[in-house]
Amino acid sequence: MLQQVPLKKQRDYRLLLSARAVSETGAEVSRLAIPLTAAILLGASPVQMGILTAVTSLPYLLIGLQAGAIADRLGRHRPVMIACEVISAAAMATIPAAWIAGLLTVPWLIAMAFVVGTCSVIFRAVNFPHLVTVVHESQRTEALAGFQSAYALASVGGPGLAGLLVQLVTAPFAILADAMSFLVSAFLIRRIAAPENHTPAPARGMWIEVREGLHAVVRHPTLRALCGCGITINFFGSVYMALFVLYALDVIDLPAGLVGGITAFFGVGGLIGAAVTPRLVRRFGENRMLAYSVLLFPIDFVVAALASGPVWGKFLLMSASALISGMAVVLFAVCMGAVTLRETPAELMGRVNATLTFTIQGVLTFGGLAGGLLGSLLGLRPVLWIGAAGVLLTIPWIWLSPLRHFSKPEAR
């Protein structure tokens with residue numbers, strides 16, 4: 001039986017949170033160092049750069065659903081999590097080794113990015129049901145907020161660390177930091193002592209089990225609403241991100257440094273959101289906070305589309321909207337995770353999570369392509385208004401679902 005003591009005093013949760021924080025920070029380093037290695041040292045073409053970007057998310061579309069079925073079949077998840085981290089570390093370590101040996105090529109980078117992306121999909125599929133083993137039901141929202149805080153902190157501090165390492169040791173060797181982060185993560189997960197008591201789902205055929213996960217999401221009104229809302233925000237968010245840098249630099253004439261500053265404010269908003277979400281949920285409940293957070297989603301689009309005037313005025317206004325958006329996104333993500341854990345039967349947890357990840361993450365690729373196409377046809381500012389209108393669709397997804405019923409939070 002899991003102890004209901006404060007999370008910060010729970011050794012196993014601290015180990016799991018530390019593992020994610022270290023691994024995510026390392027991933028931020030590689031997110032900069034790998035493209036720099038490809039573009040500057042290996043002379044990658046635009047097509048190769050596009051493929052290098054795509055292969056990191058491609059495994060979600062290829063094996064995301066199957067990974068969820070496998071997760072539900074497992075009685076123990078930690079060995080798979082450790083194996084994923086060790087394999088990822090080995091893949092990243094081959095990049096500086098190949099550079100030293102004079103063997104490094106763009107296809108090599110693409111292959112290693114695909115290996116790490118595949119391990120990431122499997123890791124996330126098994127990590128979600130594993131959380132139930134480590135954290136008591138009444139503390140899951142707070143635990144998920146802690147993970148979001150770690151991700152936000154990595155997004156704020158990781159790029160700076162990446163830039164420093166690239167300057168000090170060059171891009172290929174900066175990737176060693178990511179390899180080390182995977183190993184540290186594996187070591188921390190190995191030290192978790194909580195017994196795993198997951199009851200494996202019986203194997204009835206991969207596609208039968210995958211369909212069960214899909215049907216569980218489609219037929220459950222709350223899970224269906226969360227999935228539809230997540231797809232909507234990620235699609236139009238990807239449209240926005242595909243054009244944001246070009247729009248900020250060429251249309252509203254912001255210096256490159258200030259564009260990076262706006263992105264950093266989004267990460268800071270995520271940190272604030274992760275810090276306040278548990279308190280807000282205890283007071284108002286997950287349903288109410290989901291309903292309120294979607295009302296804030298269009299702000300970034302509208303503020304950017306209206307941006308004009310002095311440079312510092314545009315920067316301050318867009319930074320404020322990025323801060324609010326970062327808070328709203330993390331608030332939504334934490335509450336979505338908590339509601340998914342609450343509404344999903346234990347035997348379907350891996351498959352439901354994989355279905356949500358497959359659809360919500362997979363749509364990012366299509367949003368980016370749509371943003372580029374619409375931007376070239378209509379111009380950048382009109383596409384931001386289209387994005388703002390599209391994001392408004394997140395509101396009926398939540399407000400017309402069972403999540404619109406705001407019950408008083410239970411005492412915890």
Side-chain angles (χ1 to χ4, degrees), residues 12-13 15-31 33-34 55-95 97 108-135 143-144 147 150-151 154 158 175-194 196 198 200-201 206 209-210 213 337 349-358 360-362:
D12 287 343
Y13 173 71
L15 289 170
L16 186 59
L17 178 62
S18 299
R20 301 315 304 138
V22 170
S23 186
E24 288 296 324
T25 302
E28 288 292 335
V29 173
S30 286
R31 196 165 285 122
I34 289 178
V55 295
T56 59
S57 59
L58 181 61
Y60 284 104
L61 298 176
L62 296 180
I63 65 165
L65 295 174
Q66 298 93 314
I70 293 171
D72 283 335
R73 291 180 183 181
L74 297 174
R76 299 181 62 212
H77 296 113
R78 277 199 292 274
V80 177
M81 295 163 64
I82 294 169
C84 287
E85 297 293 73
V86 171
I87 293 170
S88 296
M92 288 294 96
T94 67
I95 294 175
W108 188 305
L109 287 178
I110 291 172
M112 293 306 101
F114 182 78
V115 169
V116 173
T118 301
C119 288
S120 177
V121 170
I122 297 172
F123 184 99
R124 291 188 178 210
V126 298
N127 182 57
F128 193 73
H130 174 259
L131 181 65
V132 176
T133 300
V134 178
V135 178
L144 291 167
F147 290 136
Y151 301 153
I175 296 170
L176 277 176
D178 194 14
M180 290 300 299
S181 75
F182 283 123
L183 290 179
V184 171
S185 174
F187 172 74
L188 292 172
I189 294 170
R190 177 67 180 81
R191 294 184 64 200
I192 295 174
E196 296 198 68
H198 179 255
M206 179 61 69
E209 296 169 47
V210 166
M349 202 165 287
R351 280 168 285 176
V352 166
N353 177 62
T355 299
L356 293 174
T357 302
F358 170 81
I360 294 172
Q361 296 296 322

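Scope of the values below: all heavy atoms of this structure, side chains included, with no hydrogens, waters or symmetry mates. Computed from a predicted structure; not experimentally measured.
Ion pair E85/R20 flagged as a salt bridge, since at least one NZ, NE, NH1 or NH2 atom sits closer than 4.0 Å to an Asp/Glu carboxylate oxygen.
Among all heavy-atom pairs drawn from R78 and T133, the shortest one is NH1-CG2, 4.4 Å. For the pair D178 and M92, the tightest heavy-atom approach, listed with the atom from each and the gap, is OD2-SD, 3.6 Å. Between G362 and L61, the shortest heavy-atom distance links the atoms CA-CD2, 3.6 Å. Shown here for S181 and G26, the closest heavy-atom pair between the two residues is OG-CA, 3.5 Å. Listed here is the closest heavy atom pair of V86 and A186: CG2-CB, 4.0 Å. Considering all non-hydrogen atoms of both residues, F147 and L131 come closest at CE1-CD1, 3.6 Å.
Side-chain contact between L16 and M81 is present, with heavy atoms from C-beta onward closer than 4.5 Å. I70 places a side-chain heavy atom less than 4.5 Å from the side chain of M206.
Between I189 atom CD1 and C84 atom SG the span is 9.0 Å, to the nearest 0.5 Å. Summarising the geometry, atom CG belonging to L65 is positioned 5.0 Å from atom OG1 belonging to T355; distances are rounded to the nearest 0.5 Å. Distance check: L109 CG to I95 CD1 gives 5.0 Å after rounding to the nearest 0.5 Å. Atom CZ of F187 sits about 9.0 Å away from atom CG of L15, to the nearest 0.5 Å.
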For residues 112-129, dump all side-chain donor-acceptor pairs below 3.5 Å to protein atoms at least two apart in sequence or in another chain.
{"residue": "T118", "atom": "OG1", "partner": "F114", "partner atom": "O", "Å": "2.8"}
{"residue": "R124", "atom": "NE", "partner": "Y60", "partner atom": "OH", "Å": "3.4"}

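Between the side chain of T357 and the backbone N or O of N353 there is at least one donor-acceptor pair closer than 3.5 Å. Distance alone, capped at 3.5 Å, is enough to place a donor-acceptor pair between the Y13 side chain and the A143 backbone. Under the 3.5 Å distance criterion, the side-chain polar atoms of D12 are left unmatched by any main-chain donor or acceptor of I192.
Taking a 6.0 Å sphere around CZ of R190, one finds it holds 12 or fewer heavy atoms contributed by other residues, nucleotides or ligands.
By the 30° and 60° cut-offs, the orientation of the rings of H130 relative to H77 is perpendicular.
The salt bridge (charged side-chain N to carboxylate O under 4.0 Å, His left out) check on D72 picks up R351, with sequence neighbours excluded.
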